[in-house]
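Throughout, a chain's letter reflects where its sequence line sits, starting with A, and its residues are numbered from 1. Computation of the quantities below employed the complete heavy-atom set of this structure, encompassing side-chain atoms and omitting hydrogens, waters and symmetry-equivalent molecules.
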Amino acid sequence: MRNILLICKKELKSYFASPIAYLLMAFFGLIFGFGFFTATRDFVRFSFQAQMMGQQQPMNVNDQIIRPLLGFASTIALFLVPMISMRLIAEEKRTGTIELLLTSPIKDIEIILGKWLGAVTLFVCVLGMSMLNVAMLFAWGKPDLKPVLVAYLGLILQGACLLAIGTFISTTTRNQIVAGGVTFFVCLLLWLLSWFTAFDSGPASQVVNYISIVTHFENFSKGVLSTKDVVFYLSMIFFSLFITSRAMESLRWRS
Amino acid sequence: MCADLRLNVDYHVCLVWNINMIKVEGLTKRYARTVAVDDISFEVEKGQIVGFLGPNGAGKTTTMRVLTCFLPPSAGKVTVGGFDVLESPQEVKKRIGYLPETPPLYPEMEVIEYLTFVGQIKGIPSADIKRRADEVIGRCALGDVRAKLIGKLSKGFRQRVGIAQAIIHNPDVLILDEPTSGLDPKQIIEIRELLKALSGDHTIILSTHILSEVEQSCERVIIISQGKLVAQDSVANLTNRLRGAEAVSLEVEAADGRPNPTEVQGRLEQVAGVSRVMMKESKDGRITLEVESLQGRHIRAELARSVVNSGWNLNELRAVGLSLEDIFLQLTTAEPKEEGGQK
């Protein structure tokens, strides 16, 4: 456990020692802020209109601002993940520092978990930028807290899952660009899979739909915490980290 | 060290550990198509400095990587401190300090930060880390750069940080892959001295393709070529054993007038035991020659007598013993069969 935290701390330090962490946080904050601005502006406009026309249409901050915004955030996460995970192990392989880690008395799985945890922590920090905006809604409005928390949990789980896949991809190459590119491709594919089922509900589409990472986020974004989705994400994380450790081992046998 | 080992290891292992720190039996490492290391066996005693010598691509790095548990052996048994690299890699790793060919440094870290991190992952208790880090900083003369970013250090300093990293947990065995490559002569001397200072309580294996380095800092040499062990012995023995014939360089000057070079050459060729006389230089009445003896003959005294008896002055006479360099070339370029014969 101590070793996992050590690696995680080291990973975070190197993220924050380089511009990556700040760049990602700034970009995400900017994009999310823009989305937030438009969504809120429109919401305010509609609510004025509704009042003037005397309609009793229910306006809901949760449904009309937070939910679409966090859904938007889950899409941006697809772009963030490769940038966070690409360097994890590929860079250590390129610079040779992997030799230090693999010849130290720590287990492979501790290295992998530490690195993955570091990446997830950075992801949470980046995601944290959106809380600035969401906090404003709580300051001037009365949204429900619980669905927001569930949605954030969903975002973190989805990110953690994609990062685990990214960690695996980073193990297979010594070239960061390749690792990032492939991870991005895989993220995109997992996202596109949900399109496949838009107008079809045969058994094949159900399977594809289940694999798509984005569909499992939908329940979270509605504020529904379903065991099925949590289990899906957790098992994906477990599976990805497991094959990462296998890949790490094969690294020794092959290279 | 042995005392606390005895707590969890039986006495037999402890005994073995004392005598042979490293034991390699029939180590073979195959990659997909090539055999990098082919059936190598050797032992290293506690406290020895052993030089690992071979041309580039001979399998030095691969052997070291097996010893450090970075790569598993394809065949053979490798134990460090009595622990097998395959069965208990964690125990082996605790006892080994390793400096790979390129020092494994994180450029975004400060020296002290980096050493602390390495100390932590090597399992030093948190209470001791600061003390150990300060100690290695002192030992490797890193005091001036302790708060600098590693990425901004010069090559010499980086190499020293690499060595500091390898010794921070006070390992029994130190494995250094070309520790002096890319350093300037002054730095090389410093590192050599550092290694000598460390050799007392550490067993050191260092690889190099620079021969003078082995002659100066190692007690034993293991020469490998094309994945095969070619020779292993002490430096002195190796030189003696392979120096069958004696080579002598001498400078002759005439006391009066100019001696005829061919006359000198002719005279020396008649000395008993001489196989060949080579004219090197003839300038201002000084003639430099190189004389080789027949196998196992000592000819220096005879040569001197012959020169003096002919009425010439003998300005210089010295043995040009075969250097390790010659031996190395002889061993690594000869046919495999002959190499076997040398052993």
Inset, instruction - Let me see the working for A:Thr97 and B:Leu105 under side chain to side chain contact (heavy atoms under 4.5 Å, CB included), right down to the final yes or no. - result: CA-CA 6 Å; A:Thr97 44; B:Leu105 306 173; 5.5 Å; no
Inset, instruction - Answer with side chain, backbone, both or neither: which region of B:Ser88 has an atom nearer than 4.5 Å to a non-hydrogen atom of chain A? - result: neither
Legend entry - Presence of salt bridge, B:Glu108 and A:Lys13, under 4.0 angstrom: no
Legend entry - Student check: side-chain heavy atoms of A:Arg2 and B:Gln120 closer than 4.5 Å: yes
Legend entry - Toward chain A, the part of B:Glu113 with a non-hydrogen atom under 4.5 Å: side chain
Inset, instruction - Can you establish whether the number of heavy atoms outside A:Phe238 located under 6.0 Å from its atom CZ is more than 12? - result: no
Legend entry - Heavy-atom pair with the smallest gap, counting every atom of B:Ile121 and A:Ile7: CG2-CD1, 4.4 Å
Legend entry - A:Phe185, CZ atom: more than 12 neighbouring heavy atoms under 6.0 Å: no
Inset, instruction - Would you name the heavy atoms of B:Pro100 and A:Glu99 that are closest together and state the gap between them? - result: CB-OE1, 3.6 Å
Inset, instruction - Using a cut-off of under 4.5 Å on heavy-atom pairs, state which of B:Thr102, B:Thr68, B:Leu149, B:Val92 scores highest against chain A. - result: B:Thr68
Legend entry - 4.5 Å side-chain heavy-atom contact, A:Leu102 and B:Tyr98: no
Inset, instruction - Measure the shortest side-chain to side-chain distance between B:Ile96 and A:Thr103 over non-hydrogen atoms and say whether it is less than 4.5 angstrom. - result: no
Legend entry - Least distance between heavy atoms, A:Ser104 atom then B:Lys122 atom: OG-NZ, 3.2 Å
Legend entry - Minimum side-chain heavy-atom gap B:Tyr106-A:Glu92 below 4.5 Å: yes
Inset, instruction - List the atom of B:Pro104, the atom of A:Gly96, and the distance in Å for their closest heavy-atom pair. - result: CB-O, 3.8 Å
Legend entry - Heavy-atom donor-acceptor pair, A:Lys9 side chain to B:Phe117 backbone, under 3.5 Å: no
Inset, instruction - Let me know which of B:Glu91, B:Lys93, B:His169 forms a side chain to side chain contact (heavy atoms under 4.5 Å, CB included) with A:Pro105. - result: B:Lys93
Inset, instruction - Decide yes or no for B:Val118 and A:Leu100: does some side-chain heavy atom of the first lie under 4.5 Å from some side-chain heavy atom of the second? - result: yes
Inset, instruction - For A:Phe16, look at atom CZ and say whether over 12 heavy atoms of other residues, nucleotides or ligands are found less than 6.0 Å away. - result: yes
